[in-house]
Trainee: 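Before I ask anything, here is the structure I am working with.
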Amino acid sequence: VFFAETSGSVASSPDRISSGQRGVRIMVALSRIRRLTDGWLGDGSLAPTKSAIDRLAEATDAVNPQARISPAADGSILIEWEQGDREFLVSIERDSSIVFIEEDATGHLIREDERPFSSEELRRALSEGTAA
Amino acid sequence: VTADGQKLTDPDLLLFRQIHPAHYPDGRISSGAFVPGPNHNSLLSVRHESIGARRAYEEFVAAGIKSLGTWAVSVVEVESNPESDGISAYLDELIDGRPEAHVSIDFTPSPSRGATKRIARHLARRAESRGCQYRPGEPE
């Protein structure tokens, strides 16, 4: 099925994958997002823009190895992962702004902010979570 | 703009949501599954439990959209989100051509895009904890 690979060497042990495997895993996810067109989730749903996909592709090395990448109907790309007792979400919005959310395992908010896009800010958002 | 229709108040009532394959990376439900589209006035489409999880799935895919199956959140889970007291579900079937048992979760009170993502994440967690309500090929 489309995005739902749950077995196999690429997805089965995300905490032990090499940087090369991580890159492959992320690029596979991005190539599938790239195939989406407006209306993919019904009337009014938007596909992520090519520039947003390209910008995330350029920051692959900053993405947590356990991160799950998916689109949303508002045209954003979500990167979600857990580390320790923290859960992280980075969203590249349709206008390329970056939303960062950090919660504890119970859903209590630790930090939430929205930043204008830059390559540095995207890498910082992805790395801040990984470094926490 | 807010939702039309009748506000649902039964806390245990289930609301069915279809999960697109893109929203199931590594076997986890993405927060993206519960983010409303921008052209729907911040309304997220779900179906009232009275329609049945199997029929909800079948009608969704009959419209040409992919789904792995039907998952669910409850009315109280919608209202107990971490960001806004005003997020509620409205039965708006047959209004403006919406189908039988159509329910809209109104995200209009969400104060920001980040808040909308947090609410969506909250709902995705609840749906994942409850488990799939119907998968094609399985009896309801």
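Because the structure is a prediction, the values reported are computed rather than measured. Labels below follow one simple rule: chain letters A, B, ... track the order of the sequence lines, proteins then strands, and each chain is numbered from 1.
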Trainee: Of the backbone (N, CA, C, O) and the side chain (C-beta and beyond), which part of B/Ser67 lies under 4.5 Å from a heavy atom of chain A, both, or neither?
Mentor: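 It is neither, since no heavy atom gets under 4.5 Å.
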Trainee: Check the side chains of A/Glu114 and B/Ser112 for a donor-acceptor pair under 3.5 angstrom, ignoring hydrogens and angles.
Mentor: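 No, because no side-chain N or O of B/Ser112 sits under 3.5 Å from a partner of the opposite role on A/Glu114.
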Trainee: Measure distances from B/Gln18 to the heavy atoms of chain A and classify the residue's part below 4.5 Å as side chain, backbone, both or neither.
Mentor: neither
Trainee: Strictly by salt bridge (charged side-chain N to carboxylate O under 4.0 Å, His left out), give each pair with a member in residues 62-72 of chain A just once, sequence neighbours left out.
Mentor: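 Residue pairs passing salt bridge (charged side-chain N to carboxylate O under 4.0 Å, His left out), neighbours aside: A/Arg68-A/Glu82.
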Trainee: With rounding to the nearest 0.5 angstrom, report the NE2 to CG distance, B/His20 to A/Leu36.
Mentor: 6.5 Å
Trainee: Measure the spacing between CD1 of B/Ile29 and OG of A/Ser70 and express it to the nearest 0.5 Å.
Mentor: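 Taking CD1 in B/Ile29 and OG in A/Ser70, the distance rounds to 11.5 Å.
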Trainee: Answer with yes or no whether the hydrophobic clustering places A/Leu56 together with A/Phe88; edges join I, L, V, M, F, W, Y residues whose side-chain heavy atoms lie under 4.5 Å apart.
Mentor: yes
Trainee: Check this for me, if you would: do A/Glu103 and B/Arg118 make a salt bridge, where the nitrogen-to-carboxylate-oxygen distance has to be below 4.0 angstrom?
Mentor: yes
Trainee: Counting heavy-atom pairs under 4.5 Å to chain B, which of A/Asp74, A/Val99, A/Asp113 comes out on top?
Mentor: A/Asp74
Trainee: Does any heavy atom of chain B fall under 4.5 Å from the side chain of A/Leu109, the backbone, both, or neither of them?
Mentor: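 Backbone plus side chain of A/Leu109, per the 4.5 Å heavy-atom cut-off to chain B.
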Trainee: Could you tell me the separation between the OG1 atom of A/Thr106 and the CZ atom of B/Arg125, rounded to the nearest 0.5 Å?
Mentor: 8.0 Å
Trainee: Where does A/Leu89 contact chain B at under 4.5 Å (heavy atoms): side chain, backbone, both or neither?
Mentor: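 Contact with chain B: backbone and side chain both.
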Trainee: Should the pair B/Arg121-A/Glu80 be classified as a salt bridge under the 4.0 Å nitrogen-to-oxygen rule?
Mentor: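 Judged by the 4.0 Å cut-off on N to carboxylate O distance, B/Arg121 and A/Glu80 do form a salt bridge.
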Trainee: Can you name the nearest heavy-atom pair linking A/Gly44 to B/Pro38, along with the distance?
Mentor: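 So the minimum-distance heavy-atom pair works out to O-CD, 3.7 Å.
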Trainee: If you count heavy-atom pairs under 4.5 Å with chain A, which of B/Ala33, B/Gly114, B/Gly32, B/Ala115 comes out on top?
Mentor: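 Going by pairs under 4.5 Å, I would pick B/Gly114.
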Trainee: Only one of A/Glu112, A/Glu87, A/Glu93, A/Glu102 passes salt bridge (charged side-chain N to carboxylate O under 4.0 Å, His left out) with B/Lys117; say which it is.
Mentor: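 Going through the options one by one, the only one that passes is A/Glu93.
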Trainee: For B/Ser88, check side-chain hydrogen bond (donor to acceptor under 3.5 Å, both in side chains) against everything at least two apart and list the hits.
Mentor: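 For B/Ser88, no residue satisfies side-chain hydrogen bond (donor to acceptor under 3.5 Å, both in side chains) once neighbours in sequence are set aside.
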